[in-house]
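Report on the following structure.
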Amino acid sequence: MTDNASVVRARAATVKEAAVALRSSRIEVRARWLADAAQALGEAAHGGRHELSDATGLSVAMVDWAARTTLSTVREDAMRALVRNARRDIDAAADPLALLSVILAGNVFTASVRGIVVPLLFGVPVLAKASSRDTVFPVMLRDALRSADSRLGAAMDLVVFPGGDLECHAALVEAAGAVSVYGSDETVAALTSRLGDTPLIAHGHGVSVAYCGASALDDTHFTSTIEKLSLDICAYDQRGCLSPQLVYVEETSGTTAAAFAQRLIDEGLNLTGRALPRGPLPGSVGAAQAQWRGMAEVEGALLVGDNCSVSIRAPEPIRWSPAYRNVAVTPVRGLDEALQAMESIGSQLKCVGTDAGSLPKVRARLAESRTLSAYACALGEMQTPPLDAPADGLPIWHGLFRTSKVGKTR
């Protein structure tokens, strides 16, 4: 079932009318409403986990984990802190947008949470275009918002139409103060050509990497490092822009990249895969996986585990994996060499996950970089960003106000 342009326009008008009640409410009221909605959504997602599994292609256990960990970030205290921090960055005279149109992607089903909750928190009504690949979770989110507070919940609605429907896209854009788009670079480019003067908040193609320094590989920390990294790789079957596809490992006299890769398979990915099984492998991905694994054997070495594989290869040139728990381990002499390799990724690098001992240095070096806008986080947390984590190097509230002063953020 898809919507036509007249439906898109009608829902945009209804959502904009509901903005009066949304903006007149206090931040504390909106934070409580959104926290209640998150709790209701968690219950709905758990009850509908089999339906979500069918819609997303993820295992039931992975769906449960993803919904639980994502929605646990939508807390009242976190939302109040987010608003306090934003007020230091936003012009006092800036007004929230009259309407934000959001185009959702289908690869990570919980990505809609931050993309919709944060604007609503700041008093911006949202009309979201759901991906035709996954309407189940966005509908659950909309219904949870309305069940928590029907008056405030009216400030968010959904539409569904094919990506090539230009009339519906025009209707989605014409009512909006800005359009936030999640998807491929091709999707972003195609939409840009249709926007005219409407501002675009682009969240295009991205990749992420991990860095394990020498301090993460000693006897005290090695097991924890492997467990946390494995979770980052397995989450969402490695399909998101925050999923690490490359792991830079600082080789020491006691640990080689080959030894690290073997333990990553035996003590990490295989074990995590039993608790969070991989979903079915699509045929197109299967072909790409076979090609990637074949090249890995030619270029270096390949270890194959249970529905996963690890290649061992030089830092450059970078060869991205087909996801679905295929990852490259790359030996480096230290952080300098790893960062030099990352520079070639440029603005597409979204996140660098690293061990606790290396985190302060990684953050400092990323802040100094002129080409990288990625943010750094601890291993095990790459797939569960807090509500206030930056997006594409900018604060999460960027673009939600008519005038605001924002800068590069880590």
Side-chain angles (χ1 to χ4, degrees), residues 207-219 221-235 237-239 242-273 278 281 285-345 348-349 351-355 357-358 362 374 379-380 382:
V207 293
S208 294
V209 303
Y211 172 74
C212 297
S215 62
L217 308 179
D218 60 26
D219 293 339
H221 301 100
F222 209 134
T223 298
S224 176
T225 298
I226 291 293
E227 290 175 351
K228 292 176 180 179
L229 175 60
S230 296
L231 178 60
D232 288 332
I233 295 168
C234 290
D237 290 348
Q238 206 187 9
R239 287 157 44 182
L242 299 180
S243 301
Q245 294 194 33
L246 290 171
V247 183
Y248 298 101
V249 175
E250 182 180 4
E251 288 194 313
T252 67
S253 58
T255 302
T256 64
F260 180 92
Q262 190 66 63
R263 291 187 66 173
L264 181 59
I265 287 279
D266 296 337
E267 302 173 27
L269 297 176
N270 283 347
L271 295 181
T272 303
R278 196 197 68 188
L281 190 68
V285 177
Q289 175 180 274
Q291 182 181 27
W292 183 84
R293 290 183 177 183
M295 287 299 300
E297 290 181 313
V298 172
E299 294 179 333
L302 179 71
L303 303 176
V304 179
D306 302 333
N307 292 323
C308 61
S309 73
V310 177
S311 75
I312 307 164
R313 64 187 310 277
E316 297 179 292
I318 292 174
R319 188 179 302 281
W320 299 112
S321 88
Y324 285 83
R325 309 189 184 188
N326 295 283
V327 67
V329 165
T330 292
V332 292
R333 290 184 293 272
L335 182 57
D336 287 345
E337 186 175 356
L339 286 168
Q340 183 178 355
M342 292 179 208
E343 290 285 343
S344 64
I345 306 172
Q348 290 188 331
L349 183 64
C351 176
V352 179
T354 189
D355 58 278
S358 302
V362 172
L379 291 174
M382 295 180 69

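Note that the structure is predicted; figures quoted are calculated from it, not measured. Any value given below was found using the heavy atoms of this structure, including those in side chains, with hydrogens, waters and symmetry copies removed.
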Within 6.0 angstrom of E343 CD, more than 12 heavy atoms from elsewhere: yes
Pairs where residues 295-335 contributes a residue and the test ring-ring contact (aromatic ring centres under 6.0 Å, His included) is met, not counting sequence neighbours: none
Side chain proximity check, Y211 to E250, heavy atoms < 4.5 angstrom: yes
E227 vs L231, side-chain contact (heavy atoms from CB on, under 4.5 Å): CA-CA, chis, key distance, verdict: CA-CA 6 Å; E227 290 175 351; L231 178 60; over 6 Å; no
CG on L217 to CG on D355, rounded to 0.5 Å: 7.5 Å
By side-chain hydrogen bond (donor to acceptor under 3.5 Å, both in side chains) - contacts of D266 (at least two apart): Q262
Residues forming a salt bridge (charged side-chain N to carboxylate O under 4.0 Å, His left out) with R263, sequence neighbours excluded: E267
Nearest heavy atoms of P244 and V327, plus distance in Å: O-CG2, 4.0 Å
Closest heavy-atom pair and its distance - S230, L269: OG-N, 3.3 Å
Residues that E297 engages under salt bridge (charged side-chain N to carboxylate O under 4.0 Å, His left out), provided they are two or more places apart: none
Listed once per pair and sorted, the salt bridge (charged side-chain N to carboxylate O under 4.0 Å, His left out) pairs that draw on residues 316-328, sequence neighbours left out: D237-R325, E299-R319
Per-pair distances, 0.1 Å, donor-acceptor, side chain in residues 304-311, under 3.5 Å, sequence neighbours excluded:
| from | atom 1 | to | atom 2 | distance (Å) |
| --- | --- | --- | --- | --- |
| S309 | OG | R293 | NE | 3.2 |
| S309 | OG | N326 | OD1 | 2.6 |

Residues forming a salt bridge (charged side-chain N to carboxylate O under 4.0 Å, His left out) with D336, sequence neighbours excluded: R365
Backbone of S321 reached by a side-chain donor or acceptor of Q245 within 3.5 Å: yes
Contact check, side chains of T330 and I318, non-hydrogen atoms, under 4.5 Å: no
Q238: partners by side-chain hydrogen bond (donor to acceptor under 3.5 Å, both in side chains), with sequence neighbours left out: none
Any donor-acceptor pair under 3.5 Å from R239 side chain to S243 backbone: no
Sole candidate of I226, T354, L379 that passes side chain to side chain contact (heavy atoms under 4.5 Å, CB included) when paired with C212: L379
Partner residues of Y248 under the ring-ring contact (aromatic ring centres under 6.0 Å, His included) criterion, sequence neighbours left out: none
Nearest heavy-atom neighbours spanning A257 and I312: CB-CG2, 4.2 Å
Shortest non-hydrogen contact between S215 and H221, atoms and distance: O-ND1, 3.2 Å
Non-hydrogen atoms of A374 and L349 that approach each other most closely: CB-O, 3.3 Å
CD on E251 to CD on E337, rounded to 0.5 Å: 9.5 Å
Worked check of side-chain contact (heavy atoms from CB on, under 4.5 Å) between W292 and L302: CA-CA 10 Å; W292 183 84; L302 179 71; 4.3 Å; yes
Contacts of S224 that satisfy side-chain contact (heavy atoms from CB on, under 4.5 Å) - sequence neighbours left out: K228
Which residues share a side-chain contact (heavy atoms from CB on, under 4.5 Å) with Q348, sequence neighbours left out: D185, H205, I345
Test side-chain hydrogen bond (donor to acceptor under 3.5 Å, both in side chains) applied to T272 - qualifying residues, sequence neighbours left out: none
